[in-house]
Amino acid sequence: MFDITAIPALQDNYIWAIHDDRHAVVVDPGDATPVLAFLDAQGLLLDAILCTHRHHDHTGGIAELREVYNVPVYGRRHPNNLHITDELREGDKLKLEGLGAQFDIIEIPGHVDDHIAFIGPGIVFCGDVLFGAGCGRNFEGTPAQLHHSLQRLAQLPDTTRVYCAHEYTAANLRFALACEPDNPAVKQRIATTQQLRAANQITLPSTIALEKATNPFLRCTQPEIIRTLQQRGLTDTSERGVSELGIFTAMREWKNHF
Ligand SMILES: [Zn+2]
């Protein structure tokens, strides 16, 4: 069995370390320094690096880590990500022998084209696609792709623990409350999140159940969300405007300026 530990990095990134008492694998090391410090403090050896997508705050530490540990880097290849040594695509399985962990790979475009998720037993590493109470920006691809990727994650079992790559939960919940002022689950999560942050604790992992109850981007068919967007004039009342994708697109656009 293995533990999963957050290594805070850069502004608000989490580099997740999957480890036992001897070996570790890290997900999205945007900076090598805190990873090397963690490995050193825990007396762990690095076995591999997992990469959800090519953004620098997820890959910036890979070269330096590999100067110390010549380990494989698993992810999806992209012309702007030359770090990947072992490509993973939709439907692939990744077995981490040392840790006894196995992951199913799904492609989840919509933040960037090369984004993948690592789905393990009761856990998912979803990078910048699904956040606590929010979702990533739509830098590449269509809103429909991002929506579809989020829906695929939402179909994981309710108890799945969600390991996102950023501490954005508090800010996302302010937006969630604007979308659904009467959702008691959002209010409850705001209270819990405030307590955690006041105690300098992280708000992750969340669960798929919690995201489905509080994340507006997984709740595009909720009447209150549709009403909010219509009252703000952010979507029209035509069939296209109130389609699930129409609501998602309008909400993602609103969040960009929130
Ligand atoms: Zn990103």
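Note that the numbering runs from 1 along the sequence shown for the chain. Below, all heavy atoms of this structure are taken into account, side chains as well, without hydrogens, waters or symmetry copies. Atoms within each ligand, like the ligands themselves, are counted from 1 in listed order.
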Suppose you place the vertex at the Zn ion (ligand 1); what is the angle out to H53 NE2 and H111 NE2, to 10°?
110°
Restricting to N, O or S, what is the name of the atom of D128 that lies nearest the Zn ion (ligand 1)?
OD2
I'd like the atom name of the N/O/S atom in H55 lying closest to the Zn ion (ligand 1).
ND1
Is it the case that one hydrophobic cluster holds both I208 and L146, taking links as side-chain heavy atoms less than 4.5 Å apart, direct or via other members?
yes
Would you say H115 has an N, O or S atom lying under 2.8 Å from the Zn ion (ligand 1)?
no
Do other residues, nucleotides or ligands put more than 12 heavy atoms under 6.0 Å from R22 CZ?
no
Given H58, which partner from the list H115, H83, H53 fulfils the ring pair (Phe, Tyr, Trp, His ring centres under 6.0 Å) test?
H53
On a heavy-atom basis, the closest approach of R137 and N256 is NH1-OD1, 3.5 Å
